[in-house]
A.B. asks: 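Input: one structure, supplied below.
Bear in mind that the values here come from a model prediction, so they are computed numbers and not experimental data.
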Amino acid sequence: TSLSHVELSLSCACLLNHRHSGKTALVEKLRDPLAERRGMVVWIKFDSQQQEYPMINICRGFDEYFRSLLCGDSTLLQEIGSAIKESLGVNMTVLRDLIPALGVVVGGWPESHYNTEGRETYNLILHCIKKLVNAIARPSHPVIVLFDDLQWSDDASNEIIRMLVTDESSRAAMFIGCYRDNEVDANHPVSQGIGAILMALVPLAIVNLGNLDRESVNDLCSDVLHLSPRLTRPLAEALHSKTSGNPMFVRQLLCSLSEDGLLYYSASERRWRWDINAIRIKAVADNAVDLLIAMMRSYSPELRWLLQIASCLGFRFDMTAIALLASASQEMALADDSLISTHIQAAVAGGLLIEESADVYHFSHDQIWLAAYSLTPSADRNSLHLRIGRQLRKKA
C-alpha cells in the first residue's frame, strides 16, 4: 500500500507523511517552551515570488502573529495592546496597510494627520517596527522571531533585520535566521548583514546543518519502519548512496519506493519489507525536486493544475484566490468549491500542503513548492502569471 495510506500514517506519520516538515517543525518545537512563559513565535517566511514587494513578508509575519494573539489569552492580548499603544502612539497608523491585524489588537487605529512621503515614511516605518518588537517582546512575554529562507530576502527587509538584531534596547527577543549557504556568496546581502551584526558585537551563534551520514539515515529508517538498525542497514546504505544523505531526498525516495512496490508492508510477517537488489539498481532523479516533479506528474490533472496555480501565487496562498481562478479556467473543469477542497485536502493528506488556518495553506517545504512551480514549463510561466494577474484584477 502507499505510504500515505491510513495504516502507515498510524505508525510513522511523523516523518513520511511529513505534515510538519523542515522549519514548520522547528516553529512547533519552539512554541511549546515559549508558551510556558507566555511567549510566542513570529515566523517570517521569505518567498522568491514576492521579492518585488519590499517588507511584505516581514509585515505578513507580524500580521499573522497578531492574528494568533487575538485567538489566545485575553489578558496577554490586553497587556501587549497597551504596551504597543504606549510605545508607538499615533505613529502606529503608518502600519495600517502593512499590518492590518495590529489595529484590532490595539482596539482601533488612532487618528493621525502625519504627512510624510518617500524616505521619511520609510524611516518612520522602520522606527515603528523596532518599537513594535520591543513592545511585544518583554520578560513577561518573550518572543522568538524566525527569519526563514533569508536567501530570498529583499534589501529593505535586510535593513530591518540588521536594525532589529543590533538594537541594544531589545532584551526579550531572540532572532533566528535560516538560509541555504549554497545560494549565498560573500557579496550576498545576508553575508553582509551577518558581518554587520558581528561588527556590532551582538552575540551570534552560527549552526551549519549538513546532510545526514549513513548512521543517521539508518536511524531514520529504523524509526520510520519500526525495525532494528541491524535490519534496516542495507536499505539505509542504498538510500544514502542515492541521496548523499539529503533529508528531504531520503524521505521522498522512501515514498517513491513505496509507490513503486519496492518497499511494502507484509501483513503476514507484520513488518516492512523491501527488494534491496531492485532498489540498488533503480534509476532515481538527481535531486529531491526532480523526484518530486516525477511523482507529481502521476497525480490527477486537476490536482496538478491546482498545485501549479497555487505555486504561482507563492509559498502561501488562500482558497479564495484558488476558487476564483478555477472558476475562470478554461483548461480544467473543477465544478464547485467542494471539488477544489477535495483535491486540496488530498494534497494536505499527502504531506504536500499544510493548512495554516481556515482557507489559508502553504507548501510543507520550499522544495515541494519549487517542484510544483516547475510543473509549468519555464517558457509558459510568464504568460501563466499574466493570466492569473489579469483574472485576479478583474475580480478584485
A.B. asks: Could you check whether any side-chain N or O of R138 sits under 3.5 Å from a backbone N or O of N134, counting only pairs where one atom can act as donor and the other as acceptor?
C.D. replies: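 Looks like yes, one N/O pair under 3.5 Å.
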A.B. asks: For atom CG of D185, is the number of surrounding heavy atoms from other residues, nucleotides or ligands below 6.0 Å larger than 12?
C.D. replies: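 Enclosed: over 12 neighbouring heavy atoms sit under 6.0 Å from CG of D185.
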A.B. asks: Does any non-hydrogen side-chain atom of R251 lie less than 4.5 Å from one of L254?
C.D. replies: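 In short, these two side chains do not touch, never coming nearer than 4.5 Å.
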A.B. asks: Minimum heavy-atom separation for P234 and L231, please, with both atom names.
C.D. replies: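 Shortest heavy-atom contact: CD-O, 3.5 Å.
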A.B. asks: Might you confirm whether atom CD of E168 has over 12 heavy atoms from other residues, nucleotides or ligands at distances under 6.0 Å?
C.D. replies: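 Check fails, neighbour count at 12 or below.
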A.B. asks: Counting neighbours of CD on E355 that are heavy atoms of other residues, nucleotides or ligands and sit closer than 6.0 Å, is the number greater than 12?
C.D. replies: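 It does: E355 CD has more than 12 such atoms within range.
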A.B. asks: With a 6.0 Å cut-off on ring centres, are W272 and Y265 close enough?
C.D. replies: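 Centroid separation for W272 and Y265: below 6.0 Å.
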A.B. asks: Please check if the side chain of S244 supplies one atom and the backbone of N246 the other of a donor-acceptor pair under 3.5 Å.
C.D. replies: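 Not at all, since once roles are kept as given, no pair shorter than 3.5 Å links the two residues.
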A.B. asks: Under 4.5 Å between side-chain heavy atoms, hopping through other hydrophobics if needed: is there a path connecting L70 to L95?
C.D. replies: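 Yes.
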A.B. asks: Under 4.0 Å between a Lys/Arg side-chain N and an Asp/Glu carboxylate O for D380 and R387?
C.D. replies: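 Judged by the 4.0 Å cut-off on N to carboxylate O distance, D380 and R387 do not form a salt bridge.
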A.B. asks: Within the side chain of W369, is there an N or O that forms a donor-acceptor pair under 3.5 Å with the backbone of S311?
C.D. replies: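 Judged by distance alone, yes, a pair lies under 3.5 Å.
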A.B. asks: Hey, any chance M319 and F363 share a hydrophobic cluster, counting ILVMFWY side chains that come within less than 4.5 Å of each other, even indirectly?
C.D. replies: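 Yes; F363 is reachable from M319 via cluster members.
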A.B. asks: Check D149, D155, L150 against S153 for a side-chain contact (heavy atoms from CB on, under 4.5 Å) and give me the one that passes.
C.D. replies: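 So the option named by the test is L150.
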A.B. asks: Can you hop from L76 to I84 via hydrophobic side chains spaced under 4.5 Å?
C.D. replies: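 Yes, it is one cluster - the side chains of L76 and I84 are joined through contacts under 4.5 Å.
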A.B. asks: Parallel under 30°, tilted from 30 to 60°, perpendicular over 60°: which one fits the rings of F175 and F147?
C.D. replies: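 If you compare the ring of F175 with that of F147, the planes turn out parallel.
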A.B. asks: When you measure from the side chain of S256 to the backbone of Q252, do you find a donor-acceptor pair of N or O atoms at a distance under 3.5 Å?
C.D. replies: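 Absent.
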A.B. asks: Give a yes or no on whether a salt bridge exists between E79 and R38, defined as a side-chain N under 4.0 angstrom from a carboxylate O.
C.D. replies: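 Judged by the 4.0 Å cut-off on N to carboxylate O distance, E79 and R38 do form a salt bridge.
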A.B. asks: How far does NZ of K85 sit from CD1 of I80, to the nearest 0.5 angstrom?
C.D. replies: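 Going from the NZ atom of K85 to the CD1 atom of I80 covers 13.0 Å.
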A.B. asks: Would you say the ring centers of H385 and Y373 fall short of 6.0 Å from each other?
C.D. replies: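 Yes, ring centres under 6.0 Å apart.
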A.B. asks: Apply side chain to side chain contact (heavy atoms under 4.5 Å, CB included) to residues I136 and Y65 and explain how you reach the verdict.
C.D. replies: CA-CA 10 Å; I136 66 175; Y65 161 82; 3.5 Å; yes
A.B. asks: Does any N or O in the side chain of T93 come within less than 3.5 Å of the main-chain N or O of R96, such that one atom is a donor and the other an acceptor?
C.D. replies: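 Not confirmed, T93 side chain does not pair with R96 backbone.
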A.B. asks: Assess whether salt bridge (charged side-chain N to carboxylate O under 4.0 Å, His left out) is satisfied between E215 and R233, documenting all intermediate values.
C.D. replies: CA-CA 8 Å; E215 286 303 316; R233 190 171 304 280; 2.7 Å; yes
A.B. asks: I would like to know whether E64 and R60 meet salt bridge (charged side-chain N to carboxylate O under 4.0 Å, His left out); could you show each step before the answer?
C.D. replies: CA-CA 6 Å; E64 290 173 357; R60 178 177 288 160; 5.1 Å; no
